[in-house]
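A short worksheet on the structure shown next.
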Amino acid sequence: MEGVLAAQPYDALLLLSFGGPEGPDDVLPFLENVTRGRGIPRERLAEVGAHYHLFGGVSPINEQNRALLTALRDDFAERGVDLPVYWGNRNWAPYLTDTLRELVADGRRRVLTLVTSAYASYSGCRQYREDLAEALTTLRSEGLEPPRVDKLRLYYNHPGFLETVAEGVLESLARLPAAERADARLVFTTHSIPNSAADVSGPPAGHGAGGAYLAQHLDAARVVAERVGEATGVPREWELVYQSRSGSPRVPWLEPDVNDRLRELAAQGRRAVVLVPVGFVSDHMEVRFDLDTEALATAEELGLLAVRSPTVGAHPRFVAALRELVLERAATERGERPERPALGGLGASHDVCPVGCCAGRVAKPAAAGVDSPA
Ligand SMILES: CC1=C(CCC(=O)O)c2cc3nc(cc4[nH]c(cc5[nH]c(cc1n2)c(C)c5CCC(=O)O)c(CCC(=O)O)c4C)C(CCC(=O)O)=C3C
Ligand SMILES: [Fe+2]
């Protein structure tokens, strides 16, 4: 079958994600896993713990990943792509190291990794590569021979990602009263990160202040706003704001915060906004609490009409995009020159991270890079 050949040389796809608590007793140990060595103030931990407890101590991210796993497996089966899909997390069960042991036990030798973050940054890309390198080292120390591990290129600008986001914005606009639709501003949101982390995001060759993280988000938001403008026949005003800031208040993080910005927009007489969480791939806690709970409450308090646009989640068009990315990379690894579709002005992202890509505060080995340990 065509699909069986299409995934070679890979014999497994690994969905690699953040992980989250599954009940109240998991919340504290989960937060300790997340923040180990990251210098997060205790008060912030208590605050974030309370967000999880509002949801019964259950992070929505696991359910989101289970849905994505099922959707990928169904899509692959339907298309005859014979590639088993595994799941492992950084911060909670199923833990990455356990999943890698399972891959070895199943005889998998060439693994392609799909991370549930779409953009360049330490938290969204390199840290996962470091987790992979560490897990591979652990396996070797147990006398196991780990598989070779690659990582998919960043998919923030893949047509199947941005077209799905744009479609969600159009549906969201339709939920606003007709009289407010034309003027509604698109407020794109992403995770705030320290300015110092943003500046060094992406390849060291550089993108200027804000690094690849800022450049990629601006590019993605512009593409979506333009598509929405074309579809509705009204040029659309848009901007990028930030959410979910943590860390010390003395350290500068990307601004403005979405809540502060909503206050300014209301003060300027703006009446309606669509919040577009373009920086996130699924409706996990940052979306369900920081946007759906907190930012929507801010808007309501201000008398500002606000709707939150969907994330791509397990949308069939997005799942198809992931399959296309897997087959594209497999073809590249076989020495072919597949098309590498990308919207916007930055082009398709690299397949293999260059030296120093998305540098962290401490130099650590990272898998799936040109300088990765074999
Ligand atoms: C860029 C980025 C993404 C976006 C890309 C992506 O979507 O993956 C992301 C996603 C996520 N972040 C998540 C959760 C948390 N992030 C934290 C802390 C931090 N995140 C950071 C960055 C990012 N994080 C940073 C720079 C920190 C400071 C500490 C550090 O430098 O490492 C903390 C500690 C408490 C706090 O300070 O908030 C928690 C609990 C969850 C799970 C949600 C769920 O359970 O549903 C998800 C998907
Ligand atoms: Fe985070």
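Counting starts at 1 for both ligands and their atoms, in listed order. Small disclaimer: the values here were computed from a predicted structure and weren't measured. The figures here come from the full heavy-atom set of this structure, side chains too, leaving out hydrogens, waters and symmetry mates.
In terms of protein heavy atoms, atom 15 (C) of ligand 1 is closest to F18 CZ, 3.5 Å. Scanning all protein heavy atoms for the shortest distance to atom 35 (C) of ligand 1 gives V48 CG2, 3.8 Å. Among protein heavy atoms, the minimum distance from atom 26 (C) of ligand 1 is reached at S123 OG, 3.5 Å. The nearest protein atom to atom 6 (C) of ligand 1, hydrogens excluded, is given as S117 OG, 3.1 Å; this is a heavy-atom distance. Of the protein's heavy atoms, L31 CD2, 3.5 Å lies nearest to atom 40 (C) of ligand 1. Of all protein heavy atoms, the one lying nearest to atom 39 (C) of ligand 1 is V34 CG1, 3.8 Å. Atom 9 (C) of ligand 1 has its closest protein heavy atom at H191 CD2, 3.2 Å. Nearest protein heavy-atom contact of atom 32 (O) of ligand 1 is R38 NE, 2.8 Å.
Close contacts between ligand 1 and Y52 involve ligand atoms 40 (C), 42 (C), 43 (C), 44 (C), 45 (O) [criterion: under 4.0 Å to a heavy atom].
Relative to atom 27 (C) of ligand 1, the option among G19, S121, S246 with the closest non-hydrogen atom is S246. Here the shortest heavy-atom distance to atom 7 (O) of ligand 1, taken over H284, R288, E286, Q64, belongs to H284.
At a 3.5 angstrom cut-off on N or O pairs, Q127 does not count as close to ligand 1.
Counting heavy-atom neighbours within 6.0 Å of E336 CD, excluding the residue itself, gives a total above 12.
Under the side-chain contact (heavy atoms from CB on, under 4.5 Å) test applied with L112, the options L325, D11, L152 reduce to a single match, L152. Put simply, the residue from L265, V274, V276 that forms a side-chain contact (heavy atoms from CB on, under 4.5 Å) with V187 is L265.
Between F280 and H191, the angle of the ring planes lies from 30° to 60°, which puts this pair in the tilted group.
Taking 4.0 Å as the cut-off between side-chain N and carboxylate O, E237 and R270 count as a salt-bridged pair.
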